[in-house]
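Right, one structure below, let's go through it.
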Amino acid sequence: MRSETWRALVLRGVAFMLLWWVLVEGRHDGWALGALAVVAATWTSLTLAPPGRRRIRPAGLLAFLGFFLWSSIRGGMQVAAMAMRGRRALRPGLIELAVRLPPGWPRILLVNTLTLMPGTLGVELSRKTLRLHVLDERLPVVAEARALEAAIARMLRRTG
Amino acid sequence: MSAIDWLSALLLVVGAAFFFAGTLGLLRFPDVYSRLHALAKADNLGLGCVLLGLALRADSLAVAMKLLLIWPLVLTASAGVGFAIARRAQTLGIRPWRQGDAP
């Protein structure tokens with residue numbers, strides 16, 4: 001096996017062990033079943049999502065999570081304030097955005113996180129463009145989307 | 001009550017307020033797209049607050065982590081479902097409501 005596969009095996013195995021520990025709430029009596037589940041989950045994960053060329057940079061991941069958390073707090077507060085004011089607070093519209101991220105999970109992550117960010121909702125993702133519904137056209141939604149895109153791009157590390 | 005209890009209670013109340021705002025948006029907003037905004041954002045933030053508040057009261061670290069694990073799972077489901085509904089609405093030719101349209 002290549003060293004990348006070993007690395008993925010160990011990392012994912014440890015992650016699934018932690019997940020099992022959390023799911024059984026720290027009990028110790030089911031460890032045999034747990035070991036079986038961890039092996040099965042690791043094997044399934046390596047088969048369905050083999051370690052690819054794109055690796056995630058840990059510092060980039062942390063930065064992304066921080067950015068995402070802060071944005072979803074702002075997004076929730078903003079839409080809550082609009083709900084209080086009713087529909088006169090809205091100035092909805094559709095915008096089209098050229099996608100710059102590589103195809104695959106980076107784009108899927110972009111569309112899904114945009115739906116949780118302030119003022120934007122993913123409507124359609126085609127090969128080159130992303131269509132968004134925005135709650136208020138006057139807000140700097142394009143800048144927000146670009147900032148999110150940059151945060152995702154910083155997570156990607158090309159190897160091989 | 002200890003400081004942790006107060007913080008937990010505060011988070012639960014704030015979480016409930018966001019759920020209230022999300023439901024208010026669902027009822028008041030004019031079309032399917034803007035209603036999805038209200039549900040996807042406000043309710044998810046409310047859920048995050050409620051789960052954090054409950055995790056602070058958990059008996060063990062594992063239980064607290066189990067509660068917190070619910071958040072990313074629901075976020076993923078909610079973002080995916082929101083996108084699917086919005087895309088379907090667009091395929092069906094539903095035009096977004098604009099300021100000045102009839103309700």
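FYI, side chains are in, hydrogens and waters are out, and symmetry mates aren't considered; it's all heavy atoms of this structure. So you know, we letter chains A, B, ... as the sequences are listed, proteins then strands, and number each from 1.
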Q. Among pairs that include at least one residue of residues 66-84 of chain B, which meet salt bridge (Lys or Arg N to Asp or Glu O under 4.0 Å), considering only residues two or more places apart or in two chains?
A. A/Glu25-B/Lys66
Q: For atom CZ of A/Arg146, decide whether the heavy atoms of other residues, nucleotides or ligands shown that lie under 6.0 angstrom number more than 12.
A: yes
**Q.** Greater than 12 external heavy atoms within 6.0 Å of B/Arg35's CZ
**A.** yes
Q. For chain A, which residues from residues 37-57 of chain B have at least one heavy atom closer than 4.5 Å to it?
A. B/His37, B/Ala38, B/Ala40, B/Lys41, B/Ala42, B/Asn44, B/Leu45
Q.
At under 4.5 Å between heavy atoms, what parts of residues 6-20 of chain B are in contact with chain A? List them by residue number.
A. B/Phe18, B/Phe20
Q. If only atom types and distance count, is the side chain of B/Arg87 paired as donor or acceptor with the main-chain N or O of A/Gly122 below 3.5 Å?
A. no
Q | From CA spacing to verdict: side-chain contact (heavy atoms from CB on, under 4.5 Å), B/Tyr33, A/Leu94 | A | CA-CA 10 Å; B/Tyr33 303 101; A/Leu94 287 174; 5.7 Å; no
Q.
If I take atom CG from residue A/Leu19 and atom CE from residue B/Met65, how far apart are they, to the nearest 0.5 angstrom?
A. 9.0 Å
Q | Euclidean distance, B/Leu36 CG relative to A/Thr115 OG1, rounded to 0.5 Å | A | 8.5 Å
Q) Do you know which two heavy atoms are closest between B/Pro30 and A/Leu90, and how far apart they sit? A) CD-CD1, 3.5 Å
Q: Please name the pair of heavy atoms, one in B/Trp71 and one in A/Ser72, separated by the smallest distance, quoted to 0.1 Å.
A: CH2-OG, 4.4 Å
Please classify the contact of [X] with chain B as side chain, backbone, both or neither, using a heavy-atom distance under 4.5 Å.
| X | answer |
| --- | --- |
| A/Arg74 | neither |
| A/Leu109 | neither |
| A/Thr120 | backbone |
| A/Val24 | neither |
| A/Gln78 | neither |
| A/Met82 | both |

Q. With chain B, which of A/Gly119, A/Gly26, A/Gly93, A/Ala80 has the greatest number of heavy-atom pairs at distances under 4.5 Å?
A. A/Gly119
Q. Mind checking whether B/Phe83 and A/Ile108 have side chains closer than 4.5 Å, heavy atoms only?
A. no
Q: Report, by ascending residue number, the residues of residues 123-132 of chain A in heavy-atom contact with chain B at a distance under 4.5 Å; give 'none' if the set is empty.
A: A/Val123, A/Glu124, A/Leu125, A/Arg131
